[in-house]
Undergrad: 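My questions all concern the structure below.
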Amino acid sequence: MSIDTFVCLSLLLAVVLPSVTVLGDTALPCGADCKPPNCRCSGLTIPGGLQPNNTPQFVLLTFDDAVTVFNIPYYREVFNKRVNKDSCPVSGTFFVSHEYTDYSLVNELYSAGHEIALHSVSHNTDTKYWREASVELLTEEFAGEREMMENFAKIPVDQIKGLRMPFLQMAGNNSFQMMKDSNFTYDCSMPTRKFVSPGLWPYTLDYQSTQDCVIGPCPSDSYPGVWVIPMITWTTKDGFPCAMVDTCLGMPNTTDELFEYFKKNFEKSYLGNKAPLGFYVHAAWFTLNEVHFEAYRKFVDYLQSLNDVFLVGASTVIEWIKNPVPLSQMNDDNWSKCRKPVQPNCKPVSCELCKKEGNQYVTRWMKLCDAKCPSSYPWLENYLGMQDYANNCKQ
């Protein structure tokens, strides 16, 4: 996914698409029967009735797209040996797309304590493909990719809980029906421009949502127990909203100024109702200008200097919302249930495979864990590469 593509998306979000639609014209209004831990109305209130000064500020550091030898050095450097105030490791959430992903490196990230989520098998660049995707196609794209993660990266299925739609292009009710059918927990694809300060807390789709719909079609039916983690938009100095930080236009070009820009957007949540804030980015952005990574690293250092800030995976945020723990108790055993880092349990295997693309065949390299090479490059309707195209690539 190119930065240019996301710049176009940012312009679309900021200028073309209105954010006035309210989700949920079929689901019923949320009422008093929506109770924790498995149901939460959309809204601005802090879970558990906590006051801001006794509420942890969660920050989600997420990355989209393939995990490769080119971006893993950034991840290793920024996360290495960092821990939160509860002694749990600082963790990010990686929304991984399949093509070009090194599954042995995905295993490394998971073993270090990070959360692995899904960004589709194909990452098709046509937004119409996603907008009009059927439940069946979305099942291929996401449940199929989860099967790949289990087989090629050795990640337990029950640890793969969330997804992000490519280009943040929603498919209306279909993606949430797929999530319900396939036992996914959360979606983190839906920007909000209306509920920024104070911010919109994650909620379930049991009932109508109050969230603005930025990139429709958005869900309108009821999906009990399926969570939405709203992407609270950032704002540039010129007032343009951006869901992915690397699509923000007119950002400063020095390390210190960029850091102050990050800090200003963070404080909209931190000095308000402490709704979980995401720093959503593509690692490719770091390669465009060295100050991007320098400012990012400085910002993470700053966050770690604050006693009430926790850098956690998306699933951890949901678990806290289900059972809110006051900031004063965040070091107690009833909260610190994090997954501790372990040595990677992966023996990398490199495979030269044949991939079918329409009526043509191309060669793809793939690295996976501990397994015999598949017969062909895994893809939609061929998750494990069982179909053998090898002779086609040799012609």
Side-chain angles (χ1 to χ4, degrees), residues 38 60-68 72 75 79 89 91-123 133 135 137-166 171 175-189 202 204-205 223 225-229 278 280 312-322 337-342 344-346 366-371 374 378-380 382-385:
N38 295 318
L60 302 177
L61 304 178
T62 83
F63 299 89
D64 286 12
D65 298 343
V67 176
T68 72
I72 194 69
Y75 306 148
F79 288 112
S91 60
T93 304
F94 293 82
F95 292 94
V96 184
S97 52
H98 163 62
E99 195 159 22
Y100 306 112
T101 279
D102 182 330
Y103 285 92
S104 68
L105 297 180
V106 176
N107 179 275
E108 176 187 322
L109 291 170
Y110 175 77
S111 299
H114 300 295
E115 179 169 351
I116 304 302
L118 305 177
H119 201 39
S120 82
V121 172
S122 73
H123 203 290
V135 173
L137 176 57
L138 292 166
T139 301
E140 291 278 322
E141 290 281 6
F142 291 100
E145 188 186 13
R146 183 173 57 188
E147 191 172 339
M148 291 177 174
M149 287 292 177
E150 179 187 25
N151 283 273
F152 302 134
K154 299 181 67 176
I155 299 177
V157 167
D158 63 359
Q159 294 297 305
I160 304 172
K161 301 178 180 180
L163 59 90
R164 175 172 289 156
M165 296 289 289
S175 61
F176 291 93
Q177 186 63 59
M178 178 277 296
M179 291 176 62
K180 186 69 177 176
D181 295 345
S182 300
N183 296 314
F184 286 107
T185 302
Y186 70 87
D187 171 89
C188 187
S189 310
T204 64
L205 283 176
Y223 300 98
V226 176
W227 287 78
V228 171
I229 299 179
Y280 308 121
V312 300
S315 292
T316 300
V317 171
I318 291 174
E319 290 306 310
W320 184 91
I321 294 171
K322 288 182 176 181
K337 300 176 182 178
C338 52
R339 190 163 49 83
K340 302 294 185 181
V342 298
N345 62 335
C346 172
M366 178 179 174
K367 187 172 284 188
L368 44 85
C369 291
D370 297 354
W379 201 247
L380 300 174
N382 185 31
Y383 312 129
L384 303 184

Undergrad: Are any side-chain N or O atoms of Ser91 and backbone N or O atoms of Gly313, one a donor and one an acceptor, separated by less than 3.5 Å?
TA: yes
Undergrad: Would you say the side chain of Lys180 lies within less than 4.5 Å of the side chain of Leu205, judging by non-hydrogen atoms?
TA: no
Undergrad: Roughly how far apart are Leu163 CG and Met178 CE, rounded to 0.5 Å?
TA: 5.0 Å
Undergrad: About how many Å separate OG of Ser315 and CG of Leu60, when rounded to the nearest 0.5 Å?
TA: 10.0 Å
Undergrad: From Ile155 CD1 over to Asn345 CG, what is the distance, rounded to the nearest 0.5 angstrom?
TA: 9.5 Å
Undergrad: Are Tyr75 and Phe63 close enough that their ring centres sit under 6.0 Å apart?
TA: yes
Undergrad: With Tyr280, which of Thr62, Asp64, Leu61, Thr93 fulfils side chain to side chain contact (heavy atoms under 4.5 Å, CB included)?
TA: Thr62
Undergrad: Does the side chain of Phe142 reach to within under 4.5 Å of the side chain of Met179, using non-hydrogen atoms?
TA: no
Undergrad: Would you say that Tyr186 contacts Val317 through its side chain, given a criterion of any heavy-atom pair below 4.5 Å between the two side chains?
TA: no
Undergrad: Applying side-chain contact (heavy atoms from CB on, under 4.5 Å), run through Val312 and Trp320 and close with a yes or a no.
TA: CA-CA 11 Å; Val312 300; Trp320 184 91; over 6 Å; no
Undergrad: Using the side chain to side chain donor-acceptor pair (under 3.5 Å) rule, take Glu145 and Ser120 through it: C-alpha gap first, then chi angles, then the decisive distance, then the call.
TA: CA-CA 6 Å; Glu145 188 186 13; Ser120 82; 5.5 Å; no
Undergrad: Does the side chain of Asn151 pick up a donor-acceptor pair with the side chain of Glu147 at under 3.5 Å?
TA: no
Undergrad: For the atom pair CG (Leu105) and SG (Cys346), what is the distance rounded to the nearest 0.5 Å?
TA: 8.5 Å
Undergrad: Hey, are the side chains of Met149 and Tyr110 touching, using non-hydrogen atoms and a 4.5 Å cut-off?
TA: no
Undergrad: Hey, could you give me the OG1/NZ distance between Thr101 and Lys367, rounded to the nearest 0.5 Å?
TA: 13.0 Å
Undergrad: Give the minimum heavy-atom separation between Phe95 and Cys188, together with the two atoms involved.
TA: CZ-CB, 3.9 Å
Undergrad: Set out, in order, the CA-CA distance, both residues' side-chain angles and the distance that settles side-chain contact (heavy atoms from CB on, under 4.5 Å) for Trp227 and Lys322, then state yes or no.
TA: CA-CA 11 Å; Trp227 287 78; Lys322 288 182 176 181; 3.8 Å; yes
Undergrad: Can you tell if the side chain of Pro166 reaches within under 4.5 Å of the side chain of Glu141, non-hydrogen atoms only?
TA: no
Undergrad: For Glu115 and Ala314, indicate whether the former's side chain and the latter's backbone hold a donor-acceptor pair under 3.5 Å.
TA: yes
Undergrad: Over all heavy atoms of both residues, which pair between Ala171 and Leu138 is shortest? Give the atoms and the distance, please.
TA: CB-CD1, 4.0 Å
Undergrad: So Tyr103 and His98, do their side chains get closer than 4.5 Å, heavy atoms only?
TA: yes
Undergrad: Name all residues meeting the salt bridge (charged side-chain N to carboxylate O under 4.0 Å, His left out) criterion together with Lys154; count only those two or more places apart in sequence or in a different chain, and write none if there are none.
TA: Asp370
Undergrad: If you apply the rule side-chain contact (heavy atoms from CB on, under 4.5 Å), what do you find for His119 with Phe94, and how did you get there?
TA: CA-CA 9 Å; His119 201 39; Phe94 293 82; over 6 Å; no
Undergrad: Sub-3.5 Å donor-acceptor pair from the side chain of Asn107 to the main-chain atoms of Ala153, do we have one?
TA: yes
Undergrad: Check the pair Ile229, Ile318 against side-chain contact (heavy atoms from CB on, under 4.5 Å), reporting the backbone distance first and the verdict last.
TA: CA-CA 9 Å; Ile229 299 179; Ile318 291 174; 4.1 Å; yes
Undergrad: Looking only at heavy atoms, what is the nearest atom pair of Tyr383 and Thr139, with distance?
TA: OH-O, 4.4 Å
Undergrad: Could you go through the side chain to side chain donor-acceptor pair (under 3.5 Å) check for Ser182 and Arg146 one step at a time?
TA: CA-CA 10 Å; Ser182 300; Arg146 183 173 57 188; 4.7 Å; no
Undergrad: If you take all heavy atoms of Ser175 and Met165, which pair is closest and at what distance?
TA: CB-SD, 4.2 Å
Undergrad: For the residue pair Leu380 and Ser122, what are the closest heavy atoms and their distance?
TA: CD1-CB, 4.4 Å
Undergrad: Report yes if some heavy atom in the side chain of Tyr100 is under 4.5 Å from a heavy atom in the side chain of Asp65; otherwise report no.
TA: no
Undergrad: Looking at every non-hydrogen atom in both residues, tell me the closest pair between Leu109 and Val67 and how far apart they are.
TA: CD1-CG1, 3.9 Å
Undergrad: Do Pro374 and Leu384 touch side chain to side chain, with heavy atoms closer than 4.5 Å?
TA: no
